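Here's the structure, in C-alpha cells; my notes come after.
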2 protein chains.
Amino acid sequence: MEVAGKKHVKRRRDPEATREALLRAGTELFALRGFDGVTVDEIAAKAGANKALISYYFRGKRGLYRTILQSTLAAGVERQGSLAESPRPPAELLREFIANFHHMATVERPFFPALMLREILESGKTFDDDVVPEVLALFQIVRAIIARGVAEGVFRPVHPFLAHLGIIGSLVFFYATEPTRQRLVAQKRLPVSLPTSKEFLDHIQEIVIRGLAVEPARTDGGTGEDRLMKTEDNGEHR
Amino acid sequence: MEVAGKKHVKRRRDPEATREALLRAGTELFALRGFDGVTVDEIAAKAGANKALISYYFRGKRGLYRTILQSTLAAGVERQGSLAESPRPPAELLREFIANFHHMATVERPFFPALMLREILESGKTFDDDVVPEVLALFQIVRAIIARGVAEGVFRPVHPFLAHLGIIGSLVFFYATEPTRQRLVAQKRLPVSLPTSKEFLDHIQEIVIRGLAVEPARTDGGTGEDRLMKTEDNGEHR
DNA sequence: AGAGTTTAATTGAACGGGCGATTGATACGT
DNA sequence: ACGTATCAATCGCCCGTTCAATTAAACTCT
C-alpha cells in the first residue's frame with residue numbers, strides 16, 4: 001500500500017517483478033535469436049537481474065524457455081477463443097481469425113510468431129506434452145472453420161488441414177520475419193518500401209476468402225456490396 | 001569388399017569426396033537443427049571425416065555454413081531461371097513457379113526451405129553480401145510476375161511485395177515444417193492424416209490464382225455458373 | 001619404371017574460451 | 001530473527017580451433 005508502481009525500476013526487492021522481468025527479457029531474446037543463440041548472462045543483463053536467479057526461479061535456462069513458450073502459445077491461442085464454435089458464417093470467422101492473429105502478433109504478443117516458428121523448426125527439443133496441445137489447438141480452430149465452410153458448401157471442397165497450413169504458414173512467416181525485413185531495409189539492402197502489416201492483414205484476408213470461395217467474389221457485379229465481409233474492426237482494439 | 005567407385009566407402013584419400021561429404025552432412029544437420037544446434041563433431045561423424053577437416057577446407061564451422069547456405073540458395077533460385085522474363089500469361093507463370101518450388105523442395109534441394117527460413121530468422125549473422133542477393137533474387141521473380149499480372153489487368157491491383165510474401169511464406173513454411181509434422185504424427189500426437197506435398201502444391205496454386213484473379217473462376221472447367229451460397233454472407237448489415 | 005622428394009590430405013591430441021549450473025555468503029523484508 | 005531473495009565467485013564441461021605428426025598421392029629426375 002505504499003509502493004507506487006512496480007514498473008521496471010527495480011529498486012528494492014520484488015520477487016514477482018524480477019521473475020517477470022526475466023520472462024520478458026527471455027521472451028524477446030529467444031524469439032529473436034533462438035534458444036541456443038542466447039546466453040543466460042544476456043537474459044539476466046537485459047532483465048537487470050542476477051543470472052543465478054534463472055535457475056532459482058525456473059530451474060535453469062531450459063525451464064525458463066519452456067515457461068515462456070507455453071505461456072506465449074497459450075495466450076496467443078486463447079485469444080482466438082471460441083471462434084470455432086461460433087455459428088456465424090465461415091468466411092466471416094476466417095476473416096476474424098486472421099484479424100485476431102494480426103492484432104495478437106503486432107500488439108499483444110509480438111513474439112508469438114517467431115517463438116512458434118522456431119519451436120516448430122526445432123521439432124521437439126522442447127516440444128513436450130505441455131506445448132504440443134497449444135499448437136494443436138491453434139491448428140484445430142482454422143481446421144474446424146474451414147471444414148464447416150466446406151460442409152456447408154460456401155467453400156470449395158478443400159482439404160481442411162491443407163488450407164489451414166497455407167493460412168497459418170503465410171501469417172506466421174510474415175510476422176516472424178518482419179524484423180529481418182526492417183533490418184535489411186534499414187541497411188539499404190532491400191530496394192523496396194515495406195508494406196505495413198495492416199496492409200498484409202487485408203491482403204491475406206482477401207486472398208484466402210477469394211481463394212476458398214465456391215463462387216468467387218465478384219468485383220464488377222452490380223451493387224457495390226460484393227465485398228464479402230467487412231475487413232475493419234470487429235468491435236475490439238481500436 | 002573393396003569398391004573401386006568413389007561412393008561413400010571412403011577407402012583411400014579423396015579430397016573432393018570428403019569435401020562434399022562434409023557439405024552434405026552439414027546441409028542436413030544445419031537445416032534440421034540450425035547453426036548453433038549442431039556441433040562440428042556431429043558433422044564430421046556423419047560425413048565420416050575428421051573434424052579438423054572442417055577448418056581445413058572451410059576455415060571453420062561458420063565458413064562451412066556460409067558455403068552451404070550460399071550454394072543451396074543459389075541452386076534453388078537458379079531453378080526458377082528466367083521465369084520472370086517469359087511473356088507467357090502471369091497466372092501460368094505463377095503456377096509454374098509454385099510447381100518448380102515444389103519440385104525443388106521435395107526432390108532436388110530438400111533442405112532449401114528450412115535453411116532459408118532459419119537464415120531469415122537469424123536475420124543476418126551470416127546474411128552477408130554473398131547471401132542477400134540470392135534471397136533477393138527469389139523475391140524479385142514472384143514480384144515481377146505479379147507486377148506484370150497487375151499491370152495487364154489479369155490480377156487484382158495487389159501490392160506485389162505483399163502478394164509475394166504471402167506466397168513464399170506459405171511455401172517455405174509448409175516444406176520447412178514437414179519433417180516436424182511427420183514426426184508428430186509418428187508419435188501419435190497429431191490426430192490427423194497428413195496430406196501429401198503434392199496435394200499441397202495443387203492447393204496453393206489454386207488458392208493463389210483464385211485469390212489474385214480479377215475475374216475469378218478462370219482456372220479450368222469454365223464454371224461460369226454459380227448458385228450455391230454466395231449470398232449467405234452478404235446478409236450483413238453495414 | 002622406380003627411387004627419392006615434395007606436396008597435400010588426414011589424424012589424434014591438446015588448448016582455451018565460453019557458458020550454464022551451483023554454492024555459500026549477504027542483505028532485505030516481515 | 002528467520003526465511004527468502006539476491007549476488008559474486010567458481011566449477012566443470014562442452015565445443016571450435018589449432019598444431020604437430022603421419023601417411024597417401026603427385027611429381028621429378030635419372
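What you are looking at is a predicted structure, and each value in this text was computed from that prediction instead of being measured. Here is how names work: the chains are called A, B, and so on, in the same order as the sequence lines, proteins then strands, and each is numbered from 1.
- Nearest nucleotide to the B:R13 side chain, out of D:dT6, D:dA24, D:dC15: D:dA24.
- We find that CG of A:L29 is positioned 13 Å from P of C:dC19, with the value rounded to whole Å.
- Judged by closest nucleotide on DNA chain D, A:R19 is the one of A:R19 and B:V40 placed further toward the 5' end.
- Taking 4.0 angstrom as the limit, B:T18 places a side-chain polar atom (N or O) nearer than this to OP1 or OP2 of C:dT10.
- What separates CZ of B:R62 from P of D:dG16 is a distance of 11 Å, to the nearest Å.
- Rounded to whole Å, the distance from CG on B:L64 to C1' on D:dT17 is 14 Å.
- Evaluation of the side chain to side chain contact (heavy atoms under 4.5 Å, CB included) rule for A:A163 yields A:I146, A:V158, A:L212, B:H203 as partners, not counting sequence neighbours.
- Screening residues 163-172 of chain B for salt bridge (Lys or Arg N to Asp or Glu O under 4.0 Å), with sequence neighbours left out, gives no hits.
- Residues meeting the salt bridge (Lys or Arg N to Asp or Glu O under 4.0 Å) test with B:E42, sequence neighbours left out: B:R33.
- For A:D41 and D:dA8, the CG to P distance is 12 Å, given to the nearest whole Å.
- Here the side chain of A:N50 is nearest to one of C:dT11, C:dC28, D:dC7, namely D:dC7.
- One can place CG of A:L22 at 13 Å from P of C:dA21, the figure rounded to the nearest angstrom.
- For A:E28, the salt bridge (Lys or Arg N to Asp or Glu O under 4.0 Å) criterion is met by A:K46, not counting sequence neighbours.
- A straight line from CG of A:D36 to C1' of D:dC15 spans 13 Å, rounded to a whole angstrom.
- Note: B:F200 and B:F174 meet the aromatic proximity criterion, with ring centroids under 6.0 Å apart.
- Near DNA chain D, defined here as any heavy-atom distance below 4.0 Å, the residues from residues 51-60 of chain A are A:A52, A:L53, A:Y56, A:Y57, listed numerically.
- The ring pair (Phe, Tyr, Trp, His ring centres under 6.0 Å) search around B:H159 returns none, not counting sequence neighbours.
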